[in-house]
Amino acid sequence: MRVSISPLGDLGPYFQNLLSELGAGAAGCVVASRLSETSARVLLLEEGPSATPETAIPRLAILPYVTNTGHFRRVKGISRGNSLLGVENQTISMIVPRVMGGGTTVNGALYVRGAKLDYDNWSALGNPGWDHASLLPYFKKSEDFRGTITEHTDAYHGKGGPLTVDTTDDVREMKEIIRPVAAELGLDIIDPNGPNNIGFAPVHNAIRSGVRASASEAFLKPVMRRPNLHILTGARVDKILFNKNKKATGVQYTFRGKTRIVNARKEVIISAGAVMTPKLLIHSGIGPRKQLEKLGIPVVALAEGVGQNLGTHVTIPLYWKIKPGLWFSTKDFLSPHNIVTYIKKQTGFYSTPMGPTMHTYLNVGGSNPRRPDVDLYMGLQIGVKLPFYTREINSQIAGPLLNEPVLFATDMLCRPKSKGYIAITSKNPVELPVVHYNVYEHPDDIKLHLKGVEELRRIMDSEAIRKIRVAQPDLTLKACAHLGNNTDGYWECYARHMTIFNEHFCCTAKMAPPTDPMGVVSSRLSVRGVSGLRVVDASVMPEVVSTNTMATVYVIAEKASDIIKQDWGYLTKEQV
Ligand SMILES: Cc1cc2nc3c(=O)[nH]c(=O)nc-3n(C[C@H](O)[C@H](O)[C@H](O)COP(=O)(O)OP(=O)(O)OC[C@H]3O[C@@H](n4cnc5c(N)ncnc54)[C@H](O)[C@@H]3O)c2cc1C
């Protein structure tokens, strides 16, 4: 996708009467697209470049994990205490997107909405209008669903929206493997975005006819020529500017090495993602008192919750060796047939993402039989070296499976009670934040997580899975071997070594009622203590949802767009 890169200085008075938006990620692309449906002038400032062509190829979706594609920065993700023991210095190198489309250009393209009760809980926390029934029309508005619809799921899917959601060949194959397992264990096979939230759920992907449907491709590309929408890439916003009445009047940004200012008469919307939005707020004088004082940044508004309350998911990876021939091999990557088929028709091997193809949503803690507390992801893959982990871990767990066909499963905790924070350590806009997330800080998390491991092992021991497995090599973690074979102690030790946290960051500028001292934005997503400033991205989630976060960010952005349109008189009260 090509975007305009004219320096704003050349555009003069055009930017009067402006809605200025920054961050063209999942949320930013939706908001820019929807707001430019009105007569408002919209300026979208994005720090990163346009996406390069290989990002569109689903099979290469995991590329960021193994190489540096230049579409993201790596920030430190640190966990202290008795966790991440198998990771060098207990520090993961985390991906923070920096490209048109943000996370949706570099992510695994899984489109999953989480459980209905996640949203009902947001509303119960004092955020009216954010319950599932109110959000369902917005999920549907975004979506152009190409998968199978039944009479039970029809009411949950949209047709004709900008974002194509589909299932792939790999997912269909996995579904056939799982069908007898589900029958044997008495579990349903469900639609991951349908009415039932417990069971095996074949993955839905944001993919359009074999090509990644990123936020910029789906929401911006079709509307690029709107005269009231202007997009500037390579523009890093350094701070929000305020007048003496604490109204946001515009932003200061750096473009081609020069500092510039643009004024926004209507409002400024931050969509920089859950790691970078807190940085920008703090650099603009909105944040916890101690932090602003320490950095010597003049206070515009005190907001103790900025950068706090960090939520994400934690995962334990496990591997089983399977029969050869069931799955592709490394040779498929270099097969001229596969390459030519993809180039000519966007079908075949390269048209499907490499990653999990099946969720298993279960409630193992007994809290609510309708709301999952673990998501056991599964997929077939070829054994590779594991990023993040130490040499010892790699030789014990990955080594025996290198280049072998494996069934991998990750036990993901849906809503960990442990919380983290984003540390902003410098006033320098170029300096990156550090993510602190102490895995298993809350004692309930490990207990629940280990119940997930138990369930996973039960699934792997089912008759149907045994049929596709071969003798398992010894994958014992030596550091835990003294605790016995398959004992609770062994698995806890395994989890404390192997569990990592994902880049499903959220909740660092959370939406909350005024009574909550850690709330940063209102239920209309306006930043408290100032005017003319909103946050619309993963930061505003009050609590993490039960699954991957992209679909949730899309729904936040769809709803926010209508709220903003209403506040500026483009929609009536009844229309939101
Ligand atoms: C590697 C990876 C894999 C993932 N896999 C999945 C998956 O398969 N399914 C799923 O549901 N979720 C997945 N996620 C999570 C999902 O991508 C995010 O939840 C989602 O992208 C968050 O959207 P956002 O709009 O909040 O932020 P982002 O999409 O991160 O967008 C933020 C944008 O703001 C820009 N920006 C930041 N600071 C500035 C600044 N100062 N000035 C201008 N621009 C700025 C960034 O360059 C970026 O483009 C994954 C995330 C990652 C990183």
Side-chain angles (χ1 to χ4, degrees), residues 20-32 44-51 58 61-65 69 71-75 77 93-114 165 192-193 203-207 212 214-216 219 231-240 251-255 269-281 283-284 311-313 353 355-356 359 377 387 429-430 432-433 502-509 535-541 544-545 547-554 556-557 560:
S20 176
E21 222 225 324
L22 55 106
C29 292
V30 175
V31 173
L44 179 58
L45 298 169
E46 164 57 44
E47 181 178 357
S50 298
I62 57 149
L63 209 57
Y65 288 105
T69 60
H71 290 339
F72 54 85
R73 3 175 197 213
R74 292 217 177 248
V75 306
S93 165
M94 317 269 348
I95 293 169
V96 174
R98 186 178 152 276
V99 61
M100 285 298 292
T104 68
T105 300
V106 297
N107 71 15
L110 270 69
Y111 176 90
V112 271
R113 300 174 186 171
V165 176
N193 299 314
V203 161
H204 287 173
N205 287 114
I207 281 189
R212 178 196 286 275
S214 70
S216 50
F219 289 90
I231 302 166
L232 192 68
T233 52
R236 188 194 64 232
V237 175
D238 294 332
K239 63 175 170 180
I240 318 297
V251 301
Q252 179 184 308
Y253 67 99
T254 302
F255 181 73
I269 303 155
I270 306 180
S271 302
V275 175
M276 301 309 252
T277 286
K279 176 183 148 204
L280 205 54
L281 285 169
H283 282 182
S284 309
T312 189
H313 295 121
H359 306 268
Y377 280 115
V430 179
L432 292 172
N502 295 358
E503 287 106 339
H504 296 167
F505 299 126
C506 70
C507 315
T508 50
V535 177
V536 181
D537 61 20
S539 328
V540 304
M541 294 185 206
V544 69
V545 288
T547 191
N548 306 49
T549 40
M550 175 178 75
T552 304
V553 174
Y554 280 139
I556 290 171

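Note that the structure is predicted; figures quoted are calculated from it, not measured. As the structure lists them, so they are numbered: ligands from 1, and atoms in each ligand from 1. By convention here, the first residue in the shown sequence is residue 1.
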Nearest heavy atom to [atom] wins, so pick from [options].
{"atom": "atom 5 (N) of ligand 1", "options": "V30, I270, N107", "answer": "N107"}
{"atom": "atom 31 (O) of ligand 1", "options": "G25, S539, G28", "answer": "G25"}
{"atom": "atom 44 (N) of ligand 1", "options": "E47, M550, H283", "answer": "E47"}

Give the numbers and elements of all ligand 1 atoms closer than 4.0 Å to a heavy atom of [X].
{"X": "A27", "value": "25 (O)"}
{"X": "A538", "value": "26 (O)"}
{"X": "G102", "value": "29 (O), 31 (O), 48 (C), 49 (O)"}
{"X": "R73", "value": "37 (C), 46 (C), 47 (O)"}
{"X": "P97", "value": "30 (O), 46 (C), 47 (O), 48 (C)"}
{"X": "V99", "value": "47 (O), 49 (O)"}
{"X": "L45", "value": "43 (C), 44 (N)"}
{"X": "A26", "value": "21 (O), 23 (O), 25 (O), 29 (O)"}

A109 N/O under 3.5 Å from ligand 1 N/O: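 Yes; the residue has a nitrogen or oxygen that sits under 3.5 Å from a nitrogen or oxygen of the ligand.
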
Which atom pair, heavy atoms only, marks the closest approach of [X] to [Y]?
{"X": "G273", "Y": "S539", "value": "O-OG, 3.6 Å"}
{"X": "V536", "Y": "S271", "value": "O-OG, 2.8 Å"}
{"X": "R74", "Y": "L432", "value": "O-CD1, 3.8 Å"}

Sequence-distant partners of R113, salt bridge (Lys or Arg N to Asp or Glu O under 4.0 Å), two or more places apart: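 Counting only residues at least two positions away or on another chain, R113 forms a salt bridge (Lys or Arg N to Asp or Glu O under 4.0 Å) with E143.
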
With sequence neighbours excluded, residues passing side-chain hydrogen bond (donor to acceptor under 3.5 Å, both in side chains) with N502: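 N502: side-chain hydrogen bond (donor to acceptor under 3.5 Å, both in side chains) contacts with T315.
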
Side chain, backbone, both or neither: A215 near ligand 1, heavy atoms under 4.0 Å: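 Neither; no heavy atom under 4.0 Å.
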
Any H71 heavy atom less than 4.0 Å to ligand 1: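 So H71 does not count as touching ligand 1.
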
